[in-house]
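One-based numbering along the sequence shown.
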Amino acid sequence: MKRTDFRNTVRNHIIEKMIKKTKQEAGNWIIMVVDKYTLKLLSTTCRMFEILDEGVNLVELITIKRQPLKKIHALYFLSPTKESVQNFLEDFKSKPKYKKAHLFFTHSLPEKLLNSIANSKAKKYIETLVEFNLNFFPIESQVFTFRDKSAFQQIYSIEQTTDQNEVLTRVADQLLTVCTTMGDLPAIRYPKGNQICLGIATYLQNQLTALGKNIKDFPSVDQSEQGVMLILDRSVDLLSPVLHDFYYQSMVYDLLNIEDDKIKYQTETKETKKETESTLDEKDGVWTTYRHLHIAECMTQISSQFNNFIETNSTAKYKKKKGENVNLKMIGQAIKNMPQYHKQIDLFNRHITIASKVMDRFNKDGLQKIGILEQNIVMGEDPEGTPFKDPLVHLQGPLQDNTVDPKNKARLLMLYVITQNPSSKELRKILRLSDLDIDLETSISNLMAIGGNTQSEKKKKKKKKNQVNEEERYEVSRYDPVIQKILKELISGSLPKTKYPYIKSPRKESNLYTRLGSSGKGGKGMSKRSKNSKRGSAMNKWSGKNKNSSKELGKKSDETVQYSGGRVYLFIVGGITYSEMRIAYEISKLFKREVIIGSNHIFKPEEFLEAVKDLKPPEDL
């Protein structure tokens, strides 16, 4: 079935159920008033012109001084906090700022705040009061986050300062808003024995069951297309947040200074140099085309596609032939395409610059050698398949090398700790070798507070053949995040129910599965990587190239996609990585199923080191 993607479904929900509904009641124009949280949420889902086109005359922050517009209705989209409610009440305390108020809160309004509204002067001006149940950020077409970095600390901290049940309930409430926004009543699964996941899954299932009984049109999704939600936590895979991932999006967020998805870089013309700031989001078609490519492919593909654009674009052709005999048709077409031409040139130049900065950092930090060593440790073998013995012996060189970034040393040691599970005595000896500062030592020592497996990937994966894991690949990119295998088994119906039980059995379990045909065997559709070699040139050092990746170039992120079956939701408590986000897209293409991945936060590796450090104070080690 054809379906609008996740992010655009959320956008349509805002426009249809909030803006258009208010407009129908208010007539003509309306004002939209938001707080900082909902402004961020709106900017994540909608473009400003989309809001203005629906009859919203103005969007204003509730915290700023605003001009009274007493003949116009105001749509308030607010988070249910004491500050936002008080700011709303101030608008109607003496003289009303607007004719009527239509109140939409992101999620459940505490009874105390509801009573303060009911007992206020604003009450008689309120035309609508709705708990809109939209308390998450759909940052990509298949990714959402709660933008809640603190949840990791609150859930895994060795010294609990917050009631863990309170945090898990908050997470479940936010997941509930995902389900209600999508109109979905998914079958919920969790890893047996994991109390964190069980707590969230149980509370969420109870809330969804109650909604199904009390709300006539929920779920709105046909139950023959019932989705499935798997709730995991960060202990499922401690390697992915630490490993260097050599795909474009992962490298950009790992190696460059990115804040709120914004990147600053220098652009040059013949006359000037200037600093430019750009946002990395799905409005940038070049970004969506290349973000999930291996950096080796990305470098060659961007250059190749840029040259192809220059050769085939009508404006570019006109510029080349300027001064020669050109006909009116060519001139007309060139003028018509001029704005798009300049925009596309700017996008290509942006990503050529960014990819070059990534490669500069890659070379400066010696990440080729570090990347291979990381892979050898986690896979338990070298690129030729020879068992990787005595990893600590191989670690001594980089640990004692003053030119290696201390954070990269810490990441190597974390991988060693996860895969080798050394004793406390051994760990102290290793830390003395590395001469790291106390913060990085604390990060390494605290790592096992999260739990999780402490086994090399080779030991776990060697048993099965003809998997995606067995495909030929780059020397620095042999490891696949654990969720790749889990998602494949979840969608194909082979994920063991004894290990991942349902909270409540689905109506018809067979509807949840999509089995690959013989053409899909072995992972067709995933990012293939060619077998390693010993060649040493700038690109050959990656050992391979992807011959199929060009098929995805130019694909729009917001197109209607043909999917089979219901949505697949994967939520990882604590945080996800950019490599795991990429896996969700790859599995989606493989099975033609909409895979939506989410978490409290998206971790960059440096952030993960910082978060783990804070799980237990260093003086208690």
Side-chain angles (χ1 to χ4, degrees), residues 7 36 39-48 137-145 147 149 241 243-269 272-303 305-306 309 342-365 367 405 407-408 411 553 555-558 575-582 585 599 601-610:
R7 188 179 185 182
K36 288 182 180 178
L39 178 62
K40 188 75 176 174
L41 199 159
L42 271 182
S43 64
T44 303
T45 53
C46 306
R47 301 186 189 191
M48 186 56 71
F137 294 83
I139 59 166
E140 290 186 7
S141 57
Q142 292 178 220
V143 183
F144 69 91
T145 174
R147 295 190 187 275
K149 195 190 297 188
L243 275 166
H244 283 89
D245 185 64
F246 296 103
Y247 288 75
Y248 187 37
Q249 184 179 39
S250 297
M251 289 188 78
V252 167
Y253 280 86
D254 186 1
L255 303 182
L256 304 183
N257 185 24
I258 311 290
E259 294 294 334
D260 290 328
D261 300 319
K262 291 182 172 59
I263 182 170
K264 292 181 180 179
Y265 55 95
Q266 201 171 73
T267 55
E268 295 184 29
T269 63
T272 60
K273 289 183 180 180
K274 66 173 183 177
E275 191 173 73
T276 303
E277 183 178 87
S278 297
T279 302
L280 298 171
D281 61 19
E282 291 183 339
K283 296 167 191 171
D284 178 345
V286 176
W287 173 247
T288 56
T289 295
Y290 297 109
R291 64 186 171 184
H292 297 144
L293 287 186
H294 195 277
I295 189 63
E297 302 156 25
C298 185
M299 293 292 290
T300 54
Q301 292 273 2
I302 291 178
S303 299
Q305 289 298 308
F306 176 67
F309 175 77
H342 286 297
K343 180 182 177 183
Q344 200 67 22
I345 289 291
D346 287 344
L347 288 175
F348 273 117
N349 283 334
R350 173 192 303 178
H351 289 284
I352 288 169
T353 301
I354 293 171
S356 297
K357 283 169 69 74
V358 163
M359 285 306 300
D360 288 345
R361 180 71 187 274
F362 173 87
N363 291 321
K364 180 185 174 185
D365 288 1
L367 293 183
D405 188 319
K407 290 187 177 68
N408 287 335
R411 288 166 75 169
L553 296 177
K555 181 179 176 181
K556 295 179 182 177
S557 66
D558 59 350
I576 53 173
T577 67
Y578 289 96
S579 61
E580 288 166 333
M581 288 162 55
R582 168 174 52 82
Y585 285 89
S599 188
H601 181 66
I602 302 169
F603 273 122
K604 294 184 275 189
E606 192 169 328
E607 285 181 328
F608 185 72
L609 264 64
E610 186 69 23

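- Remark: Thr276 pairs with Tyr265, Thr267, Lys274, Ser278 by the side chain to side chain contact (heavy atoms under 4.5 Å, CB included) rule, at least two apart or across chains.
- The line from CG of Leu293 to CD of Gln249 is 11.5 Å long, rounded to the nearest 0.5 Å.
- Taking the side chain as every heavy atom from C-beta outward, Val358 and Val252 approach each other to under 4.5 Å.
- When the side-chain hydrogen bond (donor to acceptor under 3.5 Å, both in side chains) test is applied to Tyr578, no partner is found at least two apart in sequence or on another chain.
- Taking the six-membered ring where the residue is Trp, Tyr253 and Trp287 present tilted rings, their angle falling between 30° and 60°.
- Qualifying side-chain hydrogen bond (donor to acceptor under 3.5 Å, both in side chains) partners for Glu606, counting only residues two or more places apart in sequence or in other chains: none.
- A donor atom on one side chain and an acceptor atom on the other are not found under 3.5 Å apart for Gln305 and Tyr290.
- In this structure, the separation between CD1 on Ile263 and CG on Leu256 is 4.5 Å, given to the nearest 0.5 Å.
- Every residue two or more places apart in sequence or in another chain that forms a ring pair (Phe, Tyr, Trp, His ring centres under 6.0 Å) with Phe603 is listed here: Phe152, His601, Phe608.
- In this structure, CD1 on Ile295 lies 7.0 Å from CD1 on Ile302, to the nearest 0.5 angstrom.
- Looking at residues two or more places apart in sequence or on another chain, you find a side chain to side chain contact (heavy atoms under 4.5 Å, CB included) between Asp405 and Arg361, Lys407, Asn408.
- By the side-chain hydrogen bond (donor to acceptor under 3.5 Å, both in side chains) test, Ser579 pairs with Thr577, sequence neighbours left out.
- Under the rule for a salt bridge (Lys or Arg N to Asp or Glu O under 4.0 Å), the partners of Lys149 that lie at least two apart in sequence or sit in another chain are Glu607.
- Contacts classified as salt bridge (charged side-chain N to carboxylate O under 4.0 Å, His left out) and involving residues 253-265 (residues at least two apart or in different chains) are given here: Asp254-Arg411.
- If you take CZ on Phe144 and CD1 on Ile602, they are separated by 10.5 Å, rounding to the nearest 0.5 Å.
- Take Leu39 and apply the side chain to side chain contact (heavy atoms under 4.5 Å, CB included) test, not counting sequence neighbours, and it matches Val34, Leu61.
- The distance from the CZ atom of Arg291 to the NE2 atom of His351 is 10.5 Å, given to the nearest 0.5 Å.
- Lys357 is not listed as a side-chain neighbour of Gln266, based on a closest heavy-atom distance of 4.5 Å or more.
- Qualifying side chain to side chain contact (heavy atoms under 4.5 Å, CB included) partners for Arg147, counting only residues two or more places apart in sequence or in other chains: Lys40, Thr44, Phe137, Ile139, Thr145.
- Side chain of Ser303 to backbone of Thr300: no donor-acceptor contact under 3.5 angstrom is found.
- To the nearest 0.5 Å, atoms OH (Tyr248) and CZ (Arg582) are separated by 15.0 Å.
- In this structure, the side chains of Glu140 and Thr288 stay at 4.5 Å or more apart for every pair of heavy atoms.
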